[in-house]
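Structure first, then comments.
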Amino acid sequence: MKIIKNIIKFGKITPVLLGLIAFSFCGKEKPAEAESSVGSKGIGPITSVTLGALDEGMAQKGKQNFETKCSACHKFEEKVVGPALKGVTERRTPEWIMNMILNPMEMTQKDPIAQELLAEHLTQMTFQNVQESEAREILEYLRKIDKK
């Protein structure tokens with residue numbers, strides 16, 4: 001994992017190189033560092049999110065934002081460019097999800113879970129000029145999808 005961090009840090013990442021790195025980890029157990037980060041809030045501006053009952057209005061706005069800014073790379077049931085998102089609100093904290101939306105470059109440089117996702121999917125998630133309020137709406141939409 002230290003190799004991946006150094007490669008990302010110096011900006012010399014290519015799909016071929018990432019493929020070789022990912023291949024080198026095949027069959028090995030996940031690093032303990034990533035496993036200990038399951039409750040992680042990630043890296044970025046979001047340090048706390050208070051969730052209540054699902055807000056349908058916010059979820060509807062989140063759906064519109066998702067379709068505009070996220071759906072080219074993400075679907076719910078299948079991998080497209082990025083990972084399938086079904087169940088993401090059960091696997092990640094609300095803060096981690098919002099930080100990944102708002103701060104994808106730094107997340108893949110410093111967050112162990114985001115680094116694993118980058119190594120697995122071989123594509124850097126790009127910032128889509130999402131405002132914090134829009135990220136919260138997208139989170140609410142993801143919560144709605146995961147409740148189905």
Side-chain angles (χ1 to χ4, degrees), residues 1-51 58-59 61-147:
M1 204 49 139
K2 194 172 191 175
I3 295 170
I4 293 173
K5 288 179 185 176
N6 287 335
I7 291 170
I8 293 170
K9 181 179 174 183
F10 294 109
K12 296 180 180 176
I13 200 159
T14 65
V16 173
L17 186 55
L18 253 179
L20 290 173
I21 292 167
F23 182 73
S24 71
F25 288 106
C26 286
K28 296 182 182 177
E29 292 184 32
K30 289 184 177 180
E33 180 182 23
E35 289 176 8
S36 69
S37 300
V38 172
S40 169
K41 293 184 177 190
I43 305 195
I46 307 302
T47 58
S48 179
V49 176
T50 303
L51 299 176
M58 188 182 288
K61 289 178 185 176
K63 179 180 181 182
Q64 293 167 350
N65 289 324
F66 181 88
E67 289 172 351
T68 302
K69 299 183 179 195
C70 310
S71 65
C73 296
H74 294 283
K75 304 293 180 219
F76 290 96
E77 302 290 339
E78 63 183 300
K79 175 195 182 315
V80 183
V81 175
L85 294 178
K86 183 73 174 161
V88 70
T89 61
E90 297 158 7
R91 294 188 305 273
R92 308 283 182 259
T93 64
E95 296 86 359
W96 191 96
I97 293 168
M98 288 182 65
N99 281 323
M100 189 66 185
I101 294 168
L102 294 168
N103 193 29
M105 291 296 289
E106 189 173 11
M107 285 283 286
T108 55
Q109 292 170 353
K110 298 179 181 176
D111 181 82
I113 297 169
Q115 290 172 338
E116 278 189 14
L117 290 169
L118 176 60
E120 180 181 345
H121 297 281
L122 306 177
T123 303
Q124 171 65 53
M125 182 171 153
T126 59
F127 178 61
Q128 295 295 309
N129 199 28
V130 177
Q131 302 303 311
E132 192 171 310
S133 61
E134 293 172 319
R136 179 62 183 87
E137 292 164 353
I138 292 168
L139 172 63
E140 201 69 2
Y141 175 57
L142 296 173
R143 289 180 64 208
K144 180 177 180 173
I145 293 297
D146 284 345
K147 285 189 178 212

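These numbers come from a predicted model, not from an experiment.
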[X] side chain near [Y] side chain, heavy-atom distance below 4.5 Å:
X: V80; Y: C73; answer: no
X: P45; Y: N99; answer: yes
X: E106; Y: N103; answer: yes
X: P104; Y: T126; answer: no
X: S40; Y: T93; answer: no
X: I145; Y: L85; answer: no

Show the nearest heavy-atom pair for residues [X] and [Y], with the distance to one decimal.
X: F76; Y: A84; answer: O-CB, 3.4 Å
X: I97; Y: L142; answer: CG2-CD1, 3.9 Å
X: H74; Y: P83; answer: ND1-O, 3.0 Å

Query - Basic-acidic side-chain contact under 4.0 Å: E140, R136 - result: yes
**Report entry** Residues K61, E134: salt bridge by 4.0 Å N-O rule
**Finding:** no
Any donor-acceptor pair under 3.5 Å from [X] side chain to [Y] backbone:
X: D111; Y: I43; result: no
X: K41; Y: T47; result: yes
X: N65; Y: E137; result: no
X: K86; Y: V88; result: no

Query raised in the report: Quick one: do the T108 and Q124 side chains pair a donor with an acceptor below 3.5 Å?
Result: yes
Query raised in the report: Relative to each other, are the rings of Y141 and F66 parallel, tilted or perpendicular (30° and 60° limits)?
Result: tilted
